[in-house]
Number of protein chains: 2
Amino acid sequence: MPELDAPNIRQLELFKEMDGTHFDALMRASYVQNFPPQLELISEGDPSDFLHVVVSGCVELFSSWNGRESTLAVIRPVSTFILAASIRNGPYLMSARTLEKSRIILIPSQDVQAVFDKDPKFARAIVEELAQVCRNATKHTKDLKLRTALERLANYLLTQQKQAGNGSNFSIPIEKRHLASLLGMTPENLSRALKKLRAYGVLVDGQIIAISKQEELERLAKPNRLIDDASL
Amino acid sequence: MPELDAPNIRQLELFKEMDGTHFDALMRASYVQNFPPQLELISEGDPSDFLHVVVSGCVELFSSWNGRESTLAVIRPVSTFILAASIRNGPYLMSARTLEKSRIILIPSQDVQAVFDKDPKFARAIVEELAQVCRNATKHTKDLKLRTALERLANYLLTQQKQAGNGSNFSIPIEKRHLASLLGMTPENLSRALKKLRAYGVLVDGQIIAISKQEELERLAKPNRLIDDASL
DNA sequence: CGTCCTTTTGAACATTGTCAAACACTGTGG
DNA sequence: CCACAGTGTTTGACAATGTTCAAAAGGACG
């Protein structure tokens, strides 16, 4: 694989502390590919041969059942996905497609597992990463089960605002229909929910959000670190 | 800790392959306790000091927000819980309470982590277990986002039936209000959903379920291994 | 400019939740 | 053994929430 990408990947928590030789071996075994938007990278049910790393662009993880489809996560650079499947050697539980032109690194699962056994620092990093994935999944479930759609949206906006540096203006990084699906609602419902939030000082112009009454929105959203804090 | 419990625990995938000396050390460092029903073992937000193993009885994992509460899982013997929190040393994201009189082993997180670094087989087992927890969480989310309450219930019944040996009669192992919460609905809604399933050959008498038209129920439920199969 | 897709809006509908009351089950104490 | 309290379950009427379908409006892009 091109050496250009390696430094970015090395910065990931997952690869930061591991032995340099092992890291190089992993990178040599990997493939880099550039994908156009809207390309289905993996399909749920397929065997999991690679750990994926998004270097640039954007990937949607989604799942389908009985003609319905739901977005489970949106992965932005630089992060990995489907770690759990590649460790278990089980079939993918989600599908993945690019949302934008994306550069993705494919690390063969068997190489990941081989290095896991040789490199304690890497093993430690893998287990921490996986634990984090688990915890994020728990938080997503809590969000879904304990909150209404309006509350989920309000909290999503506050989380995005925080990530964007706590200014009153920021922009939503994905299309609204994907956001709707991520939050577990229909696009129509999202559109109406955004309108309802006007009463709480949320102004919407396309992808741009302006929050004018911070306290009111927070009083509605009641953000909670055990659901909304990405670092926990 | 009493040697009586150790053999049971040793049978768990998590401890099966590890070095005997390390296992003994873990067991010596652990505490065993018997708890009465309805006792809150841990509260979300608390620091995670122990990995828990349910040896007998039954534990409910749940979470609260803004006066609402939801059951996230019900743990039966012999299994562990809150592995992810104890690896990350982060605060618990869920609370836990006994549903029945329960016997629980508490293994200090720091001992788990110490053995993780020393014992590659244990490290491997931990990472596989965690990956499984992740995958179960993904399946739960798919169940919630892709299915209606009635469909979730129908699939739950089919899953329970399978676990009970595929007979037409079996019994629900938890109270209906907990089942309702687990499936993301109110007790009232569960009660009505069970009634609707009469049209698909489901007869209910207290905790006992009888399925008379297997094919009809399956046609409604459309079970899918990537959501319902516990072994994937 | 026209086409395609997303977003918004409206109205009807379906699903789910809330509240109140009745009912059923369990275990306790008289 | 029975009355009773306490809890879980069911039922009914109603409210809130969310979905569907159809159509219009807005944007992106060739």
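The sequence lines fix the lettering, A, B, ..., with proteins before strands; numbering per chain opens at 1.
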Open item on the list: Please encode protein proximity along nucleotides 23-30 of chain D as a string of B, S and -, counting only heavy-atom distances under 4.0 Å.
Closed with: --------
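What separates CG of L146(B) from C1' of dT19(D) is a distance of 15 Å, to the nearest Å. Protein atom CD1 of I172(A) is 13 Å distant from nucleotide atom C1' of dT6(C), rounded to whole Å. In this entry the distance linking CG of L144(B) with P of dT16(C) reads 12 Å, nearest Å. What separates NZ of K145(B) from P of dT15(C) is a distance of 20 Å, to the nearest Å. A straight line from CG of N189(A) to C1' of dA14(C) spans 13 Å, rounded to a whole angstrom. Between the CG atom of L194(A) and the P atom of dT8(C) there is a distance of 7 Å, rounded to whole Å. A straight line from CG of L183(A) to C1' of dG18(D) spans 14 Å, rounded to a whole angstrom. In this structure, R177(B) atom CZ and dG8(D) atom C1' are separated by 7 Å, rounded to whole Å.
Between T148(B) and the phosphate of dT15(C), there is no side-chain N or O to OP1/OP2 separation shorter than 4.0 Å.
Among dG8(D), dG17(C), dT11(D), the nucleotide with an atom closest to any side-chain atom of T186(B) is dG17(C).
Under the side-chain hydrogen bond (donor to acceptor under 3.5 Å, both in side chains) criterion, N169(A) pairs with no residue at all, not counting sequence neighbours. Residues passing the ring pair (Phe, Tyr, Trp, His ring centres under 6.0 Å) test with H178(B), sequence neighbours excluded: none. For E69(A), the side-chain hydrogen bond (donor to acceptor under 3.5 Å, both in side chains) partners two or more places apart in sequence, or in a different chain, are R97(A). Here N224(A) pairs with nothing under the side-chain hydrogen bond (donor to acceptor under 3.5 Å, both in side chains) rule; sequence neighbours left out. With sequence neighbours excluded, the residues forming a salt bridge (Lys or Arg N to Asp or Glu O under 4.0 Å) with K142(A) are E44(B), listed by chain and number. With sequence neighbours excluded, the residues satisfying side-chain hydrogen bond (donor to acceptor under 3.5 Å, both in side chains) with Q132(A) are N136(A), R88(B). Looking at residues two or more places apart in sequence or on another chain, you find a ring pair (Phe, Tyr, Trp, His ring centres under 6.0 Å) between F81(B) and H52(B).
Side-chain N or O atoms of Q207(B) include none that pairs as donor or acceptor with a backbone N or O of P173(B) at under 3.5 Å. Between the side chain of W65(B) and the backbone N or O of L226(A), no donor-acceptor pair lies under 3.5 Å.
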Expected rows: protein N/O vs nucleotides 10-12 of chain C N/O, under 3.5 Å:
residue: dG10(C); atom: N7; partner: R192(A); partner atom: NH2; Å: 2.4
residue: dG10(C); atom: O6; partner: R192(A); partner atom: NH2; Å: 3.0
residue: dA11(C); atom: N6; partner: R192(A); partner atom: NH2; Å: 3.3

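Residues H178(B) and R68(A) each lie close to DNA chain D; by heavy-atom proximity, the contact nearer the 5' end of the strand is made by H178(B).
Residues of residues 94-101 of chain A that place a heavy atom closer than 4.0 Å to DNA chain C do not occur.
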Please table the atom pairs, donor to acceptor, closer than 3.5 Å between any side-chain atom in residues 36-43 of chain A and protein atoms at least two apart or in another chain.
residue: E40(A); atom: OE2; partner: S43(A); partner atom: OG; Å: 2.8

Using residues 180-198 of chain B as the side-chain source, report each donor-acceptor pair under 3.5 Å to any protein atom, sequence neighbours left out, with the distance given to one decimal.
residue: S181(B); atom: OG; partner: T71(B); partner atom: N; Å: 2.7
residue: S181(B); atom: OG; partner: T71(B); partner atom: OG1; Å: 3.3
residue: T186(B); atom: OG1; partner: N189(B); partner atom: N; Å: 3.2

